[in-house]
**Q** 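Take this structure, written in structure tokens, and hold onto it; I'll ask about it next.
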Amino acid sequence: MAPEFEHAVLRALRDIPPGRVSTYGTLAALAGYPRHARHVGALLGRLPAELALPWFRVVGSGGRIARPGSEGADYQRLLLQQDGIELDSKGRVDLFRYGWPPAYFLR
DNA sequence: CGGGCGGCCAGGA
DNA sequence: TTCCTGGCCGCCC
């Protein structure tokens, strides 16, 4: 994975404010790499916990938490709630309400 | 709403 | 080099 790509993505990741969420595709675009959503996922998946980065503030395009059923998914749901984010009955986030940056999620 | 399909792009085998 | 596989995405039924 190219260092420039990683740095750009992590920078965008750190810029997501508490209480907001972004998506893999949006983060990739913000970082300057449109269409690289999958790679953002691959990167977030192997982030060392020590870095304490807000990986949990990234969800799929439909506001869905990735890899449902997995242990990490439950943890992510918990962290999002602690962040003050409401999840609907199906565990999805309303991007029109919490999406970051706002301009990317206009109704 | 649910499921399939094709497209996306980098790594590993 | 080809082939397969992803914490994805959007379109079509």
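Not measured: the values here are computed from a predicted model. By convention in this document, chain letters (A, B, ...) are assigned in the order of the sequence lines, proteins followed by strands, and residues within each chain are numbered from 1.
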**Q** Considering only atom C1', compute the distance from B:dA13 to C:dG7 and round it to an integer number of Å.
**A** 22 Å
**Q** Starting at atom CZ of A:R67, determine the distance to atom P of C:dG6, rounded to an integer number of angstrom.
**A** 10 Å
**Q** Using a distance-only criterion (donor-acceptor N/O pair, under 3.5 Å, no hydrogens), is the base of B:dC9 paired with the side chain of A:H36?
**A** no
**Q** So which heavy atom on A:A8 is nearest to which on A:Y33, and how close?
**A** CB-CE1, 4.3 Å
**Q** Compare every heavy atom of A:Y24 with every heavy atom of A:G60, then report the nearest pair and how far apart it is.
**A** N-CE1, 3.7 Å
**Q** Select one nucleotide: of B:dA10, B:dC1, C:dG6, the one nearest the side-chain heavy atoms of A:R38.
**A** C:dG6
**Q** In whole angstroms, how far is the C1' atom of B:dG11 from the CG atom of A:L43?
**A** 14 Å
**Q** Using a 4.0 Å heavy-atom cut-off, does A:A2 contact any base of the nucleic acid, only the sugar-phosphate backbone, or nothing at all?
**A** sugar-phosphate
**Q** Check whether more than 12 heavy atoms from other residues, nucleotides or ligands sit under 6.0 Å from atom CD of A:E71, and answer yes or no.
**A** no
**Q** So which nucleotide from C:dG7, C:dC9, B:dG11 ends up closest to the side chain of A:S61?
**A** C:dC9
**Q** Kindly point out which of B:dC1, C:dG6, B:dG11 is positioned nearest to the side chain of A:H39?
**A** C:dG6
**Q** Could you check which nucleotide pairs with C:dC4 in any of the strands shown, counting Watson-Crick or G-U wobble with both distances under 3.5 Å?
**A** B:dG11
**Q** Of the options B:dC1, C:dG7, C:dC8, whose atoms approach the side-chain atoms of A:W55 most closely?
**A** C:dG7
**Q** NA contact type, A:R35, heavy-atom cut-off 4.0 Å: base, sugar-phosphate, or nothing?
**A** sugar-phosphate
**Q** Taking the side chain of A:M1 as heavy atoms from C-beta outward, which of B:dA10, C:dG7, B:dC9 is closest to it?
**A** B:dA10
**Q** Which part of the nucleic acid does A:G45 contact within heavy-atom distance under 4.0 Å: base, sugar-phosphate only, or nothing?
**A** base
**Q** Distance from A:L51 atom CG to A:L10 atom CG, nearest 0.5 Å?
**A** 8.0 Å
**Q** Just verifying a value: how many Å separate A:I65 CD1 and A:Q76 CD, rounded to the nearest 0.5 Å?
**A** 4.5 Å
**Q** Looking at B:dG4, which nucleotide sits across from it as a Watson-Crick or G-U wobble partner, both distances under 3.5 angstrom, or is there none?
**A** C:dC11
**Q** Please determine, for the side chain of A:R92, which listed nucleotide (C:dC8, C:dG7, B:dC1) has the closest atom?
**A** B:dC1
**Q** Rounding to an integer number of Å, can you tell me how far A:L27 CG sits from C:dG7 P?
**A** 16 Å
**Q** Which whole-number value in Å describes the distance from A:R46 CZ to C:dT5 P?
**A** 20 Å
